Amino acid sequence: MNLLNKSLLQTSAYINGQFVSTPKTFEIHNPYNGKTIAEVSDCGISETEQAIQAASKAFKVWRKYSAGKRARILKKWYQLQLNNLEDLALILTTEQGKPLAESKGEIKYGASFVEWFAEEARRIYGDTIPGHAGDKRIMTIKQPIGVVGAITPWNFPSAMITRKVAPALAAGCTVVIKPSELTPLSALALAVLAEEAGFPPGVFNIITTQDAPSVGNTMTSSPLIRKISFTGSTAVGKLLLKQSADTIKKVSLELGGNAPFIVFDDADIDKAVDGAIAAKYRNAGQTCICANRIFAQAGIYDTFINKFSSKVKELELGNGIDPQVIVGPMIEEKAIKFVEQVVEDAQGKGAEILTGGQRHGESQTLLYQPTVIGNATTDMEVFRKEIFGPVAPIFKFETEEEVIEMANDTNYGLASYFYGRDYARIWRVAEALEYGMVGINTGMISTTVAPFGGVKESGFGREGSKYGIDDYVEIKYMCWGGVE
Ligand code: SIN
């Protein structure tokens, strides 16, 4: 990798302010060409316990820093991320596959959480409450919850760390991060910059591992860890929640989605097409908020699918490093096999492949063609399952009631989208959708300033915005008596 700042490429875990190598390592591959990029420390239970101990010790110091002092270190970390934008994006694309422009976008997006929560650090206010008796006075303060275990995914290897860790650090918590075994290099690069920014040893720790179950279990069973924040699959989220029950930890879960994208007859069709492309093909369809099911109303169904398919045909597929590429490879063989299976299922049940529908080039490639499926129906797997790939099934509907019922007919409830102009319907539909987030006439909803999170089996807790810090603090109430 041709980095300007070579020190950003680290391969050892980061514990108590030191890069720590282990005798066992595992390989990291470039998903575009399968080449080995690095061999990374394979930590186990003992390194995880060391990191938890270090974080617990550091908590006693870090929580005492003034909010302003914590904010200044966070601001420095933010600035260092922007100063190293090109290198961080190159590391991200090389290990994850997304196009370089998207990686740069992710680094800026990720850094924006650090800037935001640096500012929020000074605004962790309590209340004064009128007392319940003449001699009583009541106050609340918010205190950091303690050591946080952050378990983060491969689809946003940088931003999902900063979105969890920045509010935690701003509140005065310390963190032990377990990045995905597929993309630990972006996490380690953030550690290099965290050290340069001046976080004291033990405040920020990274455990790289192939053995996610053991490390996860060590985190969830440790009484020293007071909070688990996880982004990933609903299945793993349920497991972590069960494991956290024994020590009654606070938990935030940002899990899977099955986002509806609805286009009503009165929508601006060209804008809806662009919004659907952005919501579907970003990161090769591998985001939890990707449009999973597109619903087009009968009056515009044909126009919508024709315009949508012809634009999707133009999306350039290939190596994320090439500037003209819009859709990169999928992350691993298992993921592309799943996409092949759901497309085959849809075809077998009468769907029409309007464009794409197969792997690109040789059989061992992880490139899957941007695909549009027409005549999709509710008995197909694409209706129920999170596709997590560049495949857009399009369903026809007649009425508002029918589409709301179909949109809500899922266990998930993360993101949803719709396009239309009738203002009364906009309110009705936005209120009726059982989702944590609703994009109205837009396919892009992610931003630092808004609360990101879901309902139902998509999880709970909110990340970003003024609410993002709430998950990392406890409210303490003080009742003062005898005030005569
Ligand atoms: C996710 O897929 O979990 C995150 C997507 C985003 O923040 O935009």
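Bear in mind that the values here come from a model prediction, so they are computed numbers and not experimental data. In each ligand, atom 1 is the first atom listed, and ligand 1 is the first ligand listed.
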task = Kindly determine whether Asp270 and Lys307 satisfy salt bridge (Lys or Arg N to Asp or Glu O under 4.0 Å), including the steps that lead there.
result = CA-CA 8 Å; Asp270 292 315; Lys307 288 188 176 209; 2.9 Å; yes
task = Evaluate side chain to side chain contact (heavy atoms under 4.5 Å, CB included) for Glu386 paired with Asn258, printing each intermediate quantity in order.
result = CA-CA 5 Å; Glu386 186 177 24; Asn258 184 4; 5.7 Å; no
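The residues lining ligand 1, counting any heavy atom closer than 4.0 Å, are Tyr109, Asn155, Phe156, Met160, Arg163, Thr231, Glu254, Arg282, Thr287, Cys288, Ile289, Ser446, Phe452.
Using a 4.0 Å cut-off between charged side-chain N and carboxylate O, Glu474 and Arg226 make no salt bridge.
Evaluation of the salt bridge (Lys or Arg N to Asp or Glu O under 4.0 Å) rule for Lys337 yields Glu333 as partners, not counting sequence neighbours.
Between Leu367 and Tyr32, the shortest heavy-atom distance links the atoms CD1-CE1, 3.9 Å.
Between Lys164 and the choices Val148, Leu169, Thr231, the side-chain contact (heavy atoms from CB on, under 4.5 Å) rule is met once, by Thr231.
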